[in-house]
Amino acid sequence: MPCQKIETGHQDVVHDVVMDYYGKRLATASSDATIKIIGVSNSGSQHLATLSGHQGLVWQVAWAHPKFGSVRRLEGNQNEWTQSHVFSEHKSSVNSISWAPHELGLSLACGSSDGNISVFFARVDGSWETTRIDQAHPVGVTSVSWAPATAPGALVGSGLLEPVQKLVSGGCDNTVKVWKLYNGSWKMDCFPALHMHTDCAFLIEFDSLYE
């Protein structure tokens with residue numbers, strides 16, 4: 001696809017831009033409290049939808065894996081979008097969101113300025129199961145990201161290993177922390193916390209392959 005300039009139509013700062021799994025659509029998040037869905041192709045771009053409903057600025061957007069069909073945080077077909085669920089676990093700004101690897105099912109992690117991380121998992125009946133990491137970063141969580149679901153060594157090993165449920169988070173306490181789900185509870189998986197920064201850690205991500 002050739003390089004092209006895309007007019008989003010936002011009326012304020014754009015904070016995040018994410019392309020979907022097939023590279024056909026962009027989702028953008030803005031301080032104007034909206035999300036824009038934009039179709040992209042070699043011939044140009046086309047505005048598909050404006051998603052509203054937030055009461056404040058939108059920091060981040062994320063696409064669910066297409067294997068889940070129409071079951072998404074916001075679901076739709078081209079310009080017909082409806083809100084499918086509202087999560088209201090947090091009392092302060094939600095600064096970061098991340099869908100889990102599709103092998104783990106439809107699961108969403110959220111990091112907030114209230115210091116907590118919430119993880120939502122979609123059940124078969126359409127309801128959501130919630131787990132929390134309370135005070136993961138007491139002065140605010142700025143970023144969350146999932147590790148690959150494949151256990152270390154599984155790609156070269158001979159046996160079947162259980163999928164990994166592991167998160168990394170960054171916060172305004174200048175630390176990065178790794179969390180792993182043990183028997184339904186999230187525990188730190190790296191001691192002590194990684195403390196190599198002198199200011200907030202805003203963007204972190206696991207490598208796609210790790211040892």
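Only this structure's heavy atoms are used, side chains among them; waters, hydrogens and symmetry mates stay out.
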Just how far is it from atom CH2 of Trp186 to atom CD1 of Ile133, taken to the nearest 0.5 Å? 6.0 Å

So which atom in Ala29 and which in Val58 form the shortest heavy-atom distance, rounded to 0.1 Å? CB-O, 3.4 Å

Please list, chain by chain and in numerical order, all residues satisfying side chain to side chain donor-acceptor pair (under 3.5 Å) with Asn116, sequence neighbours excluded. Gln135

Please determine if Asp114 and Lys91 form a salt bridge, counting it only when a charged side-chain N lies under 4.0 Å from a carboxylate O. no

May I ask you to test the Val178-Lys166 pair for a side-chain heavy-atom distance under 4.5 Å? yes

Who passes side chain to side chain donor-acceptor pair (under 3.5 Å) against Tyr22, sequence neighbours left out? none

Are the side chains of Ile6 and Ile38 in touch, meaning some heavy atoms are under 4.5 Å apart? yes

Taking the side chain as C-beta and beyond, is there a heavy-atom pair between Phe120 and Glu129 under 4.5 Å? no

For Asp134, enumerate each residue passing the salt bridge (Lys or Arg N to Asp or Glu O under 4.0 Å) test, keeping only those at least two apart in sequence or located in another chain. Arg132

Can you sort out the partners of Val139 under side-chain contact (heavy atoms from CB on, under 4.5 Å), two or more places apart, ordered by chain and number? Cys172, Asp173

Residues which pass side-chain contact (heavy atoms from CB on, under 4.5 Å) with Asn183, listed by chain and number, not counting sequence neighbours: none

Tell me who clusters with Val13, hydrophobic residues only, linked when side chains sit under 4.5 Å apart either directly or through other members. none

So Lys177 and Ser169, do their side chains get closer than 4.5 Å, heavy atoms only? yes

Please enumerate all residues that pass side chain to side chain donor-acceptor pair (under 3.5 Å) together with Ser93, with sequence neighbours excluded. Trp59, Asn95

Going by heavy atoms in the side chains, are Thr34 and His54 under 4.5 Å from each other? no

Contacts of Ile97 meeting side-chain contact (heavy atoms from CB on, under 4.5 Å) (sequence neighbours excluded), chain-then-number -> Gln60, Ala62, Val94, Leu108, Cys110

Are His15 and Ser30 close enough that a side-chain donor and a side-chain acceptor fall under 3.5 Å? no

Go through the structure and list residues passing side chain to side chain donor-acceptor pair (under 3.5 Å) with Thr50, not counting sequence neighbours. Lys36, His47

Partners meeting ring-ring contact (aromatic ring centres under 6.0 Å, His included) with Tyr21 (sequence neighbours left out): His65

If the condition is salt bridge (Lys or Arg N to Asp or Glu O under 4.0 Å), which residues does Lys5 pass it with, not counting sequence neighbours? Glu7

The side-chain contact (heavy atoms from CB on, under 4.5 Å) partners of Ala100 (sequence neighbours excluded) come to Leu104, Ser107, Trp146

